[in-house]
Amino acid sequence: MAVIFSCADASPKVTSVSAFSIIEFNDEENFPEYRFSVFTEVSSAVQRASSITVENEETGLSWKADCLRKATDGSKKQWAGYGNFCAPKGRKVPVGKYLLTYTDFAGEQWEGSFKISYSEDFLNSKAGDFPDAIKVSKTERIVLYDINGDLLFYGDLKKEWADKAKLLSEYPDAVTARNFYYISSMNTVVVMPERNLLE
């Protein structure tokens, strides 16, 4: 659970922080790549978001993102964040508590904290070790793309789609797919290699 506190009674207004570990396999032979994403929900104008800095409290390892992704939805919620924080070469992203500083274009700041939690065993595993390598509750989902790489479907994997013919009968324009596992207890997503559905 993220903790939010302000340096002063001033904008921006940050209402929550969400952080996710992403463990991605690009093929069946190699170990996965790791990154983490951090998004802040704000009640002030998200367009004013300038940067997010995160720092591991124990090691002091830090990152700063200036090119933020900003989004809104139909319920008027607003987010600003970055999805590609990676470890320096030769190091691992440490688990534990992180401090976050959100800065807007006026130089106003909010500070908060969040936790990163993932199984380091996953980083020494191959795609074929999954899902057995996950020892806790998980949800399996799938993403389908057409020949142009456009998204056709994102959601829970149906049991009957283990038969590729049944999947293609529902989404005949699907060409590639990626399965992934969401582990809510760790806020971790494990992404499997892309599959060609026409082979």
State plainly whether one hydrophobic cluster holds both [X] and [Y], where clusters connect Ile, Leu, Val, Met, Phe, Trp and Tyr through side-chain heavy atoms under 4.5 angstrom apart.
| X | Y | result |
| --- | --- | --- |
| Leu151 | Ile22 | yes |
| Val93 | Val17 | yes |
| Tyr82 | Val38 | yes |
| Val189 | Tyr145 | yes |

Sidechain-backbone polar pair: [X] side chain, [Y] backbone, donor-acceptor under 3.5 Å:
| X | Y | result |
| --- | --- | --- |
| Asp163 | Ala165 | yes |
| Asp129 | Lys126 | yes |
| Arg178 | Met192 | yes |
| Thr139 | Asp156 | no |
| Thr40 | Ala80 | yes |
| Asn56 | Leu61 | no |

What distance separates Ser137 OG from Met186 CE, expressed to the nearest 0.5 Å?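 The distance works out to 11.0 Å.
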Please round to the nearest 0.5 Å and tell me the distance separating atom CD1 of Ile52 and atom OG1 of Thr101. 10.0 Å
Is there any ring-ring contact (aromatic ring centres under 6.0 Å, His included) pair reaching into residues 158-194, and which pairs are they, with sequence neighbours excluded?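 Matches after skipping sequence neighbours: Phe153-Trp161, Phe153-Tyr171, Tyr154-Phe180, Trp161-Tyr171.
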Going by the ring-ring contact (aromatic ring centres under 6.0 Å, His included) test, which pairs reach into residues 26-49, not counting sequence neighbours?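 Applying ring-ring contact (aromatic ring centres under 6.0 Å, His included) to every pair that reaches into residues 26-49, excluding sequence neighbours, yields Tyr34-Tyr118, Phe36-Trp63, Phe36-Phe85, Phe36-Tyr98.
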Regarding Arg48 and Glu108, does a basic nitrogen lie under 4.0 Å from an acidic carboxylate oxygen? no
Please report the C-alpha distance between Phe25 and Val190 in whole Å, then the side-chain angles of each, then the deciding distance to 0.1 Å, and finally whether the side chain to side chain contact (heavy atoms under 4.5 Å, CB included) criterion is met. CA-CA 8 Å; Phe25 291 93; Val190 181; 3.9 Å; yes
Does [X] reach the side chain of [Y], with side-chain heavy atoms less than 4.5 Å apart?
| X | Y | answer |
| --- | --- | --- |
| Leu197 | Lys164 | yes |
| Ser117 | Thr188 | no |
| Lys158 | Lys166 | no |
| Pro131 | Lys138 | yes |
| Ser51 | Lys64 | yes |
| Val42 | Tyr102 | yes |
| Ile142 | Arg195 | yes |
| Pro32 | Phe122 | no |

Side chain to side chain donor-acceptor pair (under 3.5 Å) against Lys97, all qualifying residues, sequence neighbours excluded: none
To check you understand the geometry: which heavy-atom pair defines the closest contact between [X] and [Y], and what is its length?
| X | Y | result |
| --- | --- | --- |
| Ile116 | Ala19 | CD1-CB, 4.2 Å |
| Ser125 | Phe130 | CB-CE1, 3.8 Å |
| Ile134 | Ile183 | CG2-CD1, 3.8 Å |

Take a 6.0 Å sphere around CD of Glu170 and say whether it holds more than 12 heavy atoms from other residues, nucleotides or ligands.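 Yes, CD of Glu170 has more than 12 neighbouring heavy atoms, counting only those of other groups under 6.0 Å.
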I need the full list of salt bridge (charged side-chain N to carboxylate O under 4.0 Å, His left out) pairs touching residues 28-40, with sequence neighbours left out, sorted by first then second residue.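 Matches after skipping sequence neighbours: Glu24-Arg35.
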side-chain contact (heavy atoms from CB on, under 4.5 Å) with Asp121: which residues, sequence neighbours excluded? Ser119
Would Leu144 and Leu167 count as a side chain to side chain contact (heavy atoms under 4.5 Å, CB included) if you check the C-alpha gap in whole Å, the side-chain angles of each, and the deciding distance to 0.1 Å? CA-CA 10 Å; Leu144 302 175; Leu167 187 158; 4.0 Å; yes
Residues clustering with Leu198 (ILVMFWY side chains joined when closer than 4.5 Å, directly or via others):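 Besides Leu198, the hydrophobic cluster comprises Ile147, Val175, listed by chain and residue number.
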For residues Thr103 and Gln109, is any side-chain donor paired with an opposing acceptor at under 3.5 Å? yes
Apply the side chain to side chain contact (heavy atoms under 4.5 Å, CB included) test between Val46 and each candidate in Lys70, Lys77, Glu41; give the one that qualifies.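 Considering Lys70, Lys77, Glu41, a side chain to side chain contact (heavy atoms under 4.5 Å, CB included) with Val46 is found only for Lys70.
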